[in-house]
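Accompanying notes for the structure given below.
Proteins get letters first, then strands, A, B, ... in listed order; numbering begins at 1 in each. FYI, side chains are in, hydrogens and waters are out, and symmetry mates aren't considered; it's all heavy atoms of this structure.
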2 protein chains.
Amino acid sequence: MAATIRDVARAAGVSQSTVSRALNGSGYVSPATRARVLAAAAQLHFRPSHVARSLVSKATHTLGLLLPDITNPFFPAIARGVEDAAARAGYAVILCNTDRDPAHEEHYLAILRQRQVDGLVLIASSAAVGHRIARADFPAVVFVDRVPPGAEADAVVVDNREGVRTATRHLLGLGHRRIAFVGGSAGSGTSEDRLAGYLAALAEAGLNPDPGHIRAGDFTYDGGYAAGRALLGSPDRPTAVVAANDLMAIGVLRAAAELGLRVPDDVAVVGYDDIPLAGMLNPPLTTVAQPTYEMGERAARMLLERLAGKAPPEPRRVVLPARLVVRRSCGAGRDGQ
Amino acid sequence: MAATIRDVARAAGVSQSTVSRALNGSGYVSPATRARVLAAAAQLHFRPSHVARSLVSKATHTLGLLLPDITNPFFPAIARGVEDAAARAGYAVILCNTDRDPAHEEHYLAILRQRQVDGLVLIASSAAVGHRIARADFPAVVFVDRVPPGAEADAVVVDNREGVRTATRHLLGLGHRRIAFVGGSAGSGTSEDRLAGYLAALAEAGLNPDPGHIRAGDFTYDGGYAAGRALLGSPDRPTAVVAANDLMAIGVLRAAAELGLRVPDDVAVVGYDDIPLAGMLNPPLTTVAQPTYEMGERAARMLLERLAGKAPPEPRRVVLPARLVVRRSCGAGRDGQ
DNA sequence: CTGTTAGCGCTTTCAA
DNA sequence: TTGAAAGCGCTAACAG
C-alpha cells in the first residue's frame with residue numbers, strides 16, 4: 001500500500017540507491033536529481049520504513065523504560081522526562097511495569113533485547129538485575145534512583161541521605177528534640193540512606209536516637225498510618241515525624257487526625273518526594289522534593305550521549321540534589337502551593 | 001554477535017526454513033529434527049530478531065499509546081491497564097505525551113505510522129485527530145475517554161453525565177438545596193457532559209440552577225481554588241459543591257479552609273476521578289470513581305481483538321459506569337481509605 | 001518431512 | 001555522480 005523506495009526510484013527515474021542517498025544526505029547526489037527525488041518522494045507520500053532501516057542499521061532508535069509501576073506517583077514525572085528527551089532525539093520509548101518483581105524484570109529484559117532496543121533506562125528493583133545487565137547485550141544502560149550493587153553502568157541518583165538530613169535539621173532548628181523516623185522497607189538501599197541522613201542530623205545535634213522512635217512503614221500509606229498510630233499513640237510520643245516518603249507522611253497525618261492531634265501544633269510532619277498533591281494537602285506537606293523530571297530527562301540524555309559515542313568509557317554517576325520544600329505541616333512554613 | 005537462524009541451521013545440520021518451522025510450530029517437522037533444532041537453538045541462546053520478523057510479517061506487535069500527559073494523575077492507571085493487557089498478548093507499548101497539542105499529536109501519529117505500530121490507543125485532545133485517524137493507515141485504533149466527532153473507531157468511555165448526576169443526587173439526598181458546580185474548560189465534551197448530569201439532577205429535584213453557582217475551573221487545582229473562593233466567599237454561598245474533577249475539588253477544599261469553613265459541616269464537597277490520593281485527604285474526598293485501569297485494559301483488549309480479526313466490522317462503543325465513592329467530605333460518609 | 005528460492009524495504013560497498 | 005548488487009535475519013511458497 002504505502003510507497004516504497006522502489007516506487008520513488010521509478011517515479012524519479014533513478015536507482016534506489018540514489019533515492020536513499022538523496023533522502024539521507026549521504027554520498028553525492030547532483031542538485032538536479034536530488035530535487036527530482038524529493039519531489040517524487042513528496043508526491044508519493046513516501047515514508048521510509050523504520051523496520052527495514054532498523055534491520056540493516058542494527059539500530060531501532062527505541063529505548064526501553066523499566067520501572068516498578070507507573071501508577072506510583074513518583075514515577076510519571078521520571079517517565080515524562082525520559083520521554084521528552086528521547087522524543088527530541090527521535091527515539092521512541094517502550095514502557096514496562098515490573099512491579100518490583102525480578103521475574104517480570106527478567107522477562108522484559110528478554111523482550112527488549114529481542115526487540116533490539118538501543119538502550120535501557122532502568123529503575124531497578126531487584127539486585128540481581130545489576131548482574132544480568134552487566135552481561136546482557138544492551139548497547140547502553142542507565143540506572144535511575146538506585147544502583148544495583150555490581151552494576152557497571154551510568155546512573156542518575158539523588159542524594160537521599162543529604163535530603164533527609166536537611167529535613168531533620170530543619171525540624172531541629174524549629175526546636176524539636178523528640179523526632180521520630182518512619183522508614184521504608186528493610187533492605188532497601190533508599191530507605192537506609194534516608195535513615196542514615198536522619199541519624200546524621202541527630203548526631204550533629206548531639207542527640208541519641210530513640211530506638212522506639214524508628215519504625216518501618218514499607219513506603220506505603222497504610223504502613224505510614226500504622227507507624228503513625230504506634231508512634232503518636234504512645235505516652236512518650238515525638239513532637240515531630242520524618243517520613244521516608246510522602247505516602248507514609250500522609251498516613252502519619254491521618255493517624256494524627258484520628259488521635260485528635262493537630263498538625264503542626266501538636267506534631268510536625270515532613271515527608272519525602274514532593275508528589276504532586278503534597279502541596280494540596282491540608283495542611284500542605286513540608287517535604288523533600290526530588291528532581292524527578294530531571295532525573296528522567298538526564299538519564300535519557302546520558303543514554304543518548306553514550307549511544308552517540310560521546311561518552312567516556314567508564315560509568316558516570318550523576319548525583320542530583322534534593323530540595324527541602326517548606327510548607328505548613330511542620331509549622332514555620334509558608335503557605336505551600 | 002548474537003546467533004542468527006543460520007547459525008542454528010548449521011549447528012543442527014538443517015536448513016533455515018526447517019529451523020523456522022520447528023521454532024514457530026508452522027508446517028511439518030519430524031520430532032527428531034525438531035529436537036535437534038531446539039537443542040541447537042537453546043545451546044546458541046538463539047533469539048529470533050523481532051525486527052527481521054516484523055519486516056516480513058508486516059506486524060510489529062507494538063501499540064502506540066497517545067495521551068496528554070502521563071504526569072496528570074488521571075492517566076497512569078489507564079496506561080497501566082493498556083500495558084498489562086498488551087504485555088499479556090506479547091505486545092509492547094510506546095508511550096507518547098501529546099500535551100493536548102494538535103501539532104504534537106500529529107507528529108507522533110506520523111512517527112508511529114512510520115514505525116508501523118499495529119494499533120493505537122488514543123486519548124485524543126484535538127478534534128482534528130478524529131479525521132486524521134480515519135484516513136490514516138493504522139490497522140486499528142481505539143479511543144479512550146473521549147471520542148472526537150466523526151471518528152469511526154472503537155471507543156471506551158465513561159458515563160460522565162450519569163456519574164455527576166449520581167453525585168449530585170447524593171447531595172440532594174443529604175438535604176442540600178444550594179449546590180454549586182465547578183466545571184472544566186468550556187468546549188470540553190467531558191465538562192459539558194458532567195454539567196449536564198448536574199443540571200439533570202437539579203431538574204429532577206425541581207430545582208432551578210442558579211447561574212452564579214456554576215463556574216469554570218479549567219480542570220486545574222488553581223482553577224478550582226479560584227472558583228471555590230468566589231463561590232464560598234459570596235453572601236449566598238452554596239452548602240455543597242460538585243467539582244468536575246478531583247484536582248478542582250481539592251482547590252475548593254483549600255478555599256474552604258482559608259475561609260474558615262469546615263468540610264463537611266459548613267460546606268460539602270464532591271469531586272470526580274477518585275485519584276489515588278482522594279482517600280488520603282483530610283477530610284477524605286467523596287468522589288466519583290472512574291474505572292481508569294479498566295478503561296485502559298479494555299481498550300487494549302478491544303484493539304487486540306480487532307487486530308486478531310475477532311471483531312465486528314462496525315465500530316464498537318463501550319460505556320463504563322462511574323461509581324460514587326462516599327467519603328467524609330460530604331458528611332454522611334464512611335471513613336475513606 | 002525438508003531444502004531451495006524469493007523476497008520484505010532499506011543501506012552500502014563497489015564499479016562504472 | 002550514479003547504478004548494480006549484495007545482504008540485514010527472517011518467513012513463505014514451492015518443489016522434491
Exercise for review: Could you give me the CA-CA distance, side-chain angles and deciding distance for A:Asn160 and A:Arg146, then say whether side chain to side chain donor-acceptor pair (under 3.5 Å) is met?
Suggested key: CA-CA 10 Å; A:Asn160 283 297; A:Arg146 45 172 70 186; over 6 Å; no
Exercise for review: Provide, to the nearest angstrom, the distance between the CZ atom belonging to B:Arg36 and the C1' atom belonging to C:dT2.
Suggested key: 11 Å
Review point. Quick one: CZ on B:Phe75 to CG on B:Asp69, what's the gap to the nearest 0.5 Å?
Key: 7.5 Å
I'd like a list of close polar pairs between nucleotides 11-13 of chain D and the protein, N/O only, cut-off under 3.5 Å.
| unit_1 | atom_1 | unit_2 | atom_2 | d |
| --- | --- | --- | --- | --- |
| D:dT11 | OP1 | B:Asn24 | ND2 | 3.2 |
| D:dT11 | OP1 | B:Arg53 | NE | 2.7 |
| D:dT11 | OP1 | B:Arg53 | NH2 | 3.3 |
| D:dT11 | OP2 | B:Ser20 | OG | 2.9 |

Check your understanding: Does A:Asp99 come within less than 4.0 Å of B:Arg80, counting only side-chain N to carboxylate O?
Key -> yes
Practice item. Return yes when atom CZ of B:Arg316 has more than 12 non-hydrogen atoms of other residues, nucleotides or ligands closer than 6.0 Å, and no otherwise. Key: yes
Exercise for review: Measure from OH on A:Tyr28 to C1' on C:dC14 and round the result to the nearest Å.
Suggested key: 16 Å
Check your understanding: Hey, is A:Arg88 close enough to A:Asp84 for a salt bridge, meaning N to O under 4.0 Å?
Key -> no
Revision key, fill the gap. Whole-Å distance, B:Gln116 CD to C:dC10 C1', equals 12 Å
Review point. Is the closest side-chain heavy-atom distance between A:Leu67 and A:Cys96 below 4.5 Å?
Key: no
Exercise for review: Tell me what B:Thr33 touches on the nucleic acid: a base, only sugar-phosphate, or nothing, going by heavy atoms under 4.0 Å.
Suggested key: sugar-phosphate
Practice item. Give the rounded distance in Å between these two atoms: CZ of A:Arg6 and C1' of C:dT11. Key: 15 Å
Check your understanding: OP1 or OP2 of C:dG9 less than 4.0 angstrom from a side-chain nitrogen or oxygen of A:Thr4, does that happen here?
Key -> no
Exercise for review: May I ask you to check whether A:Thr62 and B:Arg115 show a side-chain donor-acceptor distance below 3.5 Å?
Suggested key: yes
Practice item. Round to a whole Å and report the spacing from CZ of A:Arg10 to P of C:dG9. Key: 11 Å
Check your understanding: At under 4.0 Å between heavy atoms, what does A:Val29 touch on the DNA or RNA strands: base, sugar-phosphate, or nothing?
Key -> sugar-phosphate
Review point. So what does A:Val14 hit on the nucleic acid, given a heavy-atom distance under 4.0 Å: a base, only sugar-phosphate, or nothing?
Key: sugar-phosphate
Review point. To the nearest Å, how far apart are B:Arg115 CZ and C:dC10 C1'?
Key: 16 Å
Check your understanding: Can you find a side chain N or O atom of B:Ser15 that sits less than 4.0 Å from OP1 or OP2 on C:dG3?
Key -> yes
Exercise for review: Could you state the atom-to-atom distance from NZ of A:Lys58 to P of C:dG9 in whole Å?
Suggested key: 18 Å
Point to revise | Atom pair distance, as rounded to whole Å: CG in A:Leu55 and C1' in D:dC8 | key: 4 Å
